[in-house]
Each structure stands twice: as structure tokens, then as C-alpha cells.
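Atom set for the values below is all heavy atoms of this structure, side chains included, hydrogens, waters and symmetry mates excluded. Labels below follow one simple rule: chain letters A, B, ... track the order of the sequence lines, proteins then strands, and each chain is numbered from 1. Owing to the predicted nature of the structure, the values given are computational and were not obtained by experimental measurement.
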Protein chains: 2
Amino acid sequence: MSIRTSTRVRIYDVAAAAGVSIATASKALNDTGRMTDETRSRVKDVAARLGFRPNAMARALLHQRSFTIGLLTNDTYGRFTLPLMAGVSEALVDQGVSVFLCAIEDDPALAKIHVDAMLDKQVDGIIASGKRIDRQLPVDLENLSVPVVYAFTQAPENGVSLVSDDAAGSREAVEWLKGLGRQRIVHVTGPRSFASVEERAGAYRAAVGADAQVLFGTWSEQWGHEAVARLWDAAGEKPDAIFCGNDQIARGVVDALRERGVSLPADVSVVGFDNWEIVAEATRPPLTTIDMNLKELGREAGRLVLALAAGEAVAPGIRKLPCTLVVRQSCGGGPRS
Amino acid sequence: MSIRTSTRVRIYDVAAAAGVSIATASKALNDTGRMTDETRSRVKDVAARLGFRPNAMARALLHQRSFTIGLLTNDTYGRFTLPLMAGVSEALVDQGVSVFLCAIEDDPALAKIHVDAMLDKQVDGIIASGKRIDRQLPVDLENLSVPVVYAFTQAPENGVSLVSDDAAGSREAVEWLKGLGRQRIVHVTGPRSFASVEERAGAYRAAVGADAQVLFGTWSEQWGHEAVARLWDAAGEKPDAIFCGNDQIARGVVDALRERGVSLPADVSVVGFDNWEIVAEATRPPLTTIDMNLKELGREAGRLVLALAAGEAVAPGIRKLPCTLVVRQSCGGGPRS
DNA sequence: TTGAAAGCGCTAACAC
DNA sequence: GTGTTAGCGCTTTCAA
């Protein structure tokens, strides 16, 4: 019996304490091989008593599988990454898989360092995520020796990619407003240079028809204020609903309307996009908004990367996941039917 | 020469290609042992050409050191964790250390699963972090086989702990307001049940003196509104400055003052706490506020956990890191001298 | 100056 | 039913 008190208990210690060989101990603990039930349970008891936990490194070295994946993101703010991460983690934790989080800003050198570090640590796969779906991360992830899943960031040709269904979310918002009896629905959104802006605006136009009016601007509260000024200072009929490209714009819109004495939701309904709770819930009245279900997106990304790591075939291409309307008080209308 | 095309290149391959033994190859690459410079550089060239990267698992198994640490947090929102994480990552990345992020909500079972998984993976240390400094995480981290550093969460007796210096931050805010010539400074803050609320309020009282007036409430914009209503609807002299317990309260205060026609910063100065940019920058005018320097706190936590892992002695106890005043426009006054 | 061999903790063939 | 042994990729004595 070797003298190593301060260190972890190894399978060797379990075997010795149970009076069997380490092979038998291993088989007993992994429910493989054959032996009497008595031996198996004795070994298990001893292991439990000693607090034995197998060394994942040794296992990984043997199996070429580390039960570890890497999550790469350039979303320092975490607004998109955190819910995504929560989903990934949730999908993987009961498989015993842990997640390396690497925030790479937009620095290619830093990105490379992190990717190399993950590869050195033999991650089973990588999930690449970002803050917009029409930009690639500043690092080339093709032809890596491990599978890659792209979540909420642009994927290369033939990449396995997951995004939320912007168009469907947009349609959902418009339909909700229509269902409330709104007739003059305007869309106030971010910069045209964002693919999701065009996607949402396109779906909005298709749903609203000839009357469609889109105001492009920035992703800020201030732009929401300004857009309201433009709309209300113009001659002619005013909108009775505003569908906003994100929650910050929506908050600006709501504040501006209130300051003008426009009654919400009586006279005008406002829908946001993102369901960023810090913004949506602090708005007066709280925002009805579209949730991109990023946590579910993360779960799916976790499942996919694991499937890939296990050698299962996964069709490349872009998978669009549904958005959900979250009803608060900025539109009127009760909970959804 | 074995046939393994699809797999990573091992030191064996490098040795073979360079015509040396793996022992020599290893020494060459690690700048240990002795050999001719020619041999060493030849091996290095071959390794570079082959794109050799050592298997971190094998190394870890050998050295009992995984170059991996775990970051545990119950701050799902990420408001505190993300900057912290960024700092940790920054401090560790050039040491080749990667970070497992584990979001545990407030679920003891989940926490245990994650901690066990990290331990199985032989992390070199753990950083425990949270969303308030007067609550412990729902898991016992004492007597683990690896070092633990507590950052922005309550540590057990004798833990190594890092928090921001709330009292100093509070003093800084008050001094700034005094320096601007403000005479009637009120403090509007969160619930008394938070240690940091008492800490900040105490320092505020000490700095302001007999006139000190503290309004306790919740951490919300709404409470900011309500506090202004109380203060301005009361008889007597009005405050000329409000120091708020966080940025959300400050935003509520600023909005309420504007709605009352009080001119900011001409008549009243407002200081927030947290420097949560999404809130501070969207406020009109943008908030002057106290930054807790969580990123630096993260860096320090990373350094400490590494020192501990390396066996260096680190004195237990609470380390308070300084806060910084960030000047925007809600107080008047130029950039700091 | 270089190389053979042992071993980190574990699992899986293969003997017995 | 149980044990012996080889080996995952690497570093490190120790011998040549």
C-alpha cells in the first residue's frame, strides 16, 4: 500500500482496498466484463466509501475523447452569448461534458490562441457564436480536426449552423398587432447593413402589404425617440402600432410617445425584439416583444456538436429555430390564446 | 512508421521525421536537456513543419496539472460575471490556462454536479463568483483538493476573497459631488438586506455628516421614480444632488426629475453605481457613475488562483479592490483632474 | 550528446 | 470470474 495521503484516490487504491486487481475494479465500476454480483457491489461500495472519482484526464487520453467542448464568442457583452451558453451547458451537463468559454473580442490573434489552446486540450467539438448572424468570427474554423457548430454567427459554406427565424418572428409580431385590430403598423429598426434587419423588414413588408413603412436607423433608444419625432411631426395620419427592430429602440419609442402624451397601449401598440429583460421589463409599460429563444438554440447547438463528436452524420446548412412572442403590456391584449 | 493519417501529429511523428528518439525530441521542444544546437533546431523545424502541438491531456496526466480552472457563478444574468470572466480569461490566457464556465443558478444539486465534473477534469483551481458579496454559493467549496478563490461572493472563514471597495466608491461619489459645490446630497439605494447597501450608506453618512439622508428601496428604476416623488413632494428644501445605489435607480431618478422639469445637471447632480453601460449610457443625460472594476477583480482572481495552484502562499482574508468614478454628464463637471 | 525505459491513471484484450 | 499486460502521448531519470 503506497503512502499518498494528500492526493486523490485512484482506482489502484480501490482495487487494493477491495482485494481485487485494478482490472476487476475497473470492470466493476464501469459495469462491464463479468464477475459475481458480490464482487461488483463490494468494489462499488469500497469506491463510494473512499470517494473514488475516476481521473478524466486518463480516460480522455485513452479514449481520445475529453468530454469537453469549447464555446467561442466575440460577444463580450454577453447579451446573446449568456443565454446561449446556459442552453449549451444545460444540454451537456448530464452527459458529463464541460464547456470552455473563450471570449475573443474581435481579435484574430487572440482567437487563434484560444482555438489552439482548446485543440491542445482535445476538445470534442467547438461551438462558434457571435453577436450577429451575418459576420464570421475572426478565425478560420474549417478543416479543424474536431467538429464545429455555428450558433448565431455566420457559418462558412457547408457549416452546420443555427440561427433564429427572424422572418417568422417578424410575421408573428405583425400578426399579433393585426389581431389586436391595428391598421397602420410602422417598422422602426436598425441599420440596413445587418442581415437580420433586412430579413425582419422583408417579412414585415410581406405581412403588412402596400402600407408598409420602414424606418432604418441605429440600435439605440435615441433612434427610437427620433423616429417617433419624425412620424408624429409629419403631416397626415399617425401610426397605431410600431414594430421595433429591438428592445432598445422600442423603449425609446415608448418613452417618446409617453412624452408626447400619446396613450399606450390605448392609442398605439409597440412590439420590441430580443426580449432583453433588463430593457423590456423596465419600460413603462413593459414591452411585448419577440424572444429569439437563444437558450433553446444553445441546447440544440450542444446536442448537435455532441452528435457530430460521436460520429453521427449531421446535414450541413442553416437551421432556423422559431421565435416566440412574449406578451407584456405595451400592446394591450391578454395572454396569447 | 504507423499509418495514422487522419489523427493529430504526435511527438513520435516529429521524432521519426527528425531522425531522433522521442526523448530527444521532447527535450529539444521543451528547451531542456542538452544536445547540439543543430539537433535542437532541426527538431523544432520539423515540429513546426508538421504542425505539432503537444497533447495537453498527456501532459496533464504526467504533471498532475491541467492548465485549466473552473469559474463557478450563480449570476445567470452575467452582469457581474461577464466582466469578471473577461478579466480572469485575460490573466490566464497567456499562461495557457483555459476556463470552464459553470452557471449553477441557485441549485445545490447542479452546483455539485458541476464541481464534481471540474474536479474529475483535474482543474488546477476554482474561482467562485456570484451576484452579491453577502451570500455564499449553494455548494461547499472548503477542503477541496484544489485551491479556491472567491470573487464577488461571500467566502467562508479563511477563504481567499476579492471584493470591490464599496465604501471607498461611495466616498468617491460624495467627494465628487461636494467638489462640484453640492450641499444637499441624498442617497437613494437598494434594500437594507444587502451588505453592500449598508456599506455604501455608511460611507455616505460618514462623508456627508449630519445632513445625511438615506432612502432604502429596491434595485429598480421604478424605485428611483418613487424616491424622487417622495423627495420633491415633501415640504422644505430640495436636494441638489442624489447619489444612487445602482445605475437602474439612477436612471429612474434622472427620468423622474426630467419629467418634473428639474434641470440636470444644472439644478441637480446624479451619480449612479455599477457603470452598467447599457443603463448608464442610455440615460439622458448619460450617468456619471462608480465602476467596480470587475474586470480587474477578475484578473486578480486569476492571478491568485494560479499562485495558489503553484503552491505559493497567499494570505487568506478579504481583499478590497478600488472603485473608479466614471464621469459622464449627469453631474456636470469636466473630466477628472 | 543521445536514447531506452518507466510511469502518470485508466481501460480493454487476452490469459488463466 | 479474475488477473496480467499493453498502451493512450508525453516527460524524465538514468545509462550508454
- Could you tell me whether Glu142(B) atom CD has more than 12 heavy atoms of other residues or ligands within 6.0 Å of it? yes

- Message: For dG1(D) and Thr39(A) - does any side-chain N or O of the residue sit under 4.0 Å from the phosphate oxygens OP1/OP2?
- Response: no

- Query: Could you give the CZ-to-P distance, from Arg10(A) to dC8(C), as a whole number of Å?
  - Reply: 7 Å

- Note on the structure: Ordered by number, residues from residues 25-38 of chain B within less than 4.0 Å of DNA chain C (heavy atoms) are Lys27(B), Arg34(B), Met35(B), Thr36(B)

- Which nucleotide in dT11(C), dT11(D), dG9(D) has an atom nearest any side-chain atom of Leu62(B): dT11(D)

- Partner set under salt bridge (charged side-chain N to carboxylate O under 4.0 Å, His left out) for Asp124(A), not counting sequence neighbours: Arg65(A)

- Closest of dT11(D), dG3(C), dG9(C) to the Ala58(A) side chain is dG9(C)

- Task: Please examine the side chains of Leu137(B) and Tyr150(B), heavy atoms only from C-beta on, and report whether any two atoms are closer than 4.5 Å.
- Result: no

- With the side chain of Phe52(B) defined as its heavy atoms from C-beta on, choose the nearest nucleotide among dA5(C), dA12(C), dC10(D). dC10(D)

- End-to-end bend of the helix from dT1(C)-dA16(D) to dC16(C)-dG1(D) (five-pair axes, 10° rounding)? 50°

- Is the closest basic N to carboxylate O distance between Arg319(B) and Glu300(B) below 4.0 Å? no

- Message: Any salt bridge linking Lys44(A) with Asp37(A)? Criterion: basic side-chain nitrogen under 4.0 Å from a carboxylate oxygen.
- Response: no

- Item | Atom-to-atom span, CE of Met57(A) to C1' of dC10(C) - whole angstrom | 13 Å

- Picking from Ile127(B), Val88(B), Val160(B), Leu71(B), what satisfies side chain to side chain contact (heavy atoms under 4.5 Å, CB included) with Val305(B)? Ile127(B)

- Give a yes/no answer on whether the side chain of Gln64(A) brings an N or O atom under 4.0 Å of OP1 or OP2 in dG9(D). yes

- Separation of dC8(D) C1' from Ile11(B) CD1 (nearest whole Å): 15 Å

- Note on the structure: With the side chain defined as heavy atoms from C-beta on, Arg59(A) is closest, among dC10(C), dA13(C), dG9(D), to dC10(C)

- Task: Round to a whole Å and report the spacing from CD1 of Ile22(A) to P of dG7(C).
- Result: 13 Å

- Would you tell me whether Lys121(A) and Ser98(B) have side-chain atoms, one donor and one acceptor, within less than 3.5 Å of each other? yes

- Query: In whole angstroms, how far is the P atom of dT2(C) from the CZ atom of Arg42(B)?
  - Reply: 8 Å

- Task: For Leu61(B) and dC8(D), give me the distance from atom CG to atom P, rounded to whole Å.
- Result: 13 Å

- Query: Counting only heavy atoms not in Leu144(B), do more than 12 sit closer than 6.0 Å to its CG atom?
  - Reply: yes

- Query: CG of Leu50(A) versus C1' of dG9(C): gap in Å, rounded?
  - Reply: 15 Å

- Query: Looking at side-chain heavy atoms only, is the closest gap between Lys131(A) and Asp106(A) below 4.5 Å?
  - Reply: yes

- Task: Calculate the interatomic distance between His63(A) atom NE2 and dG7(D) atom P; express it in whole Å.
- Result: 16 Å

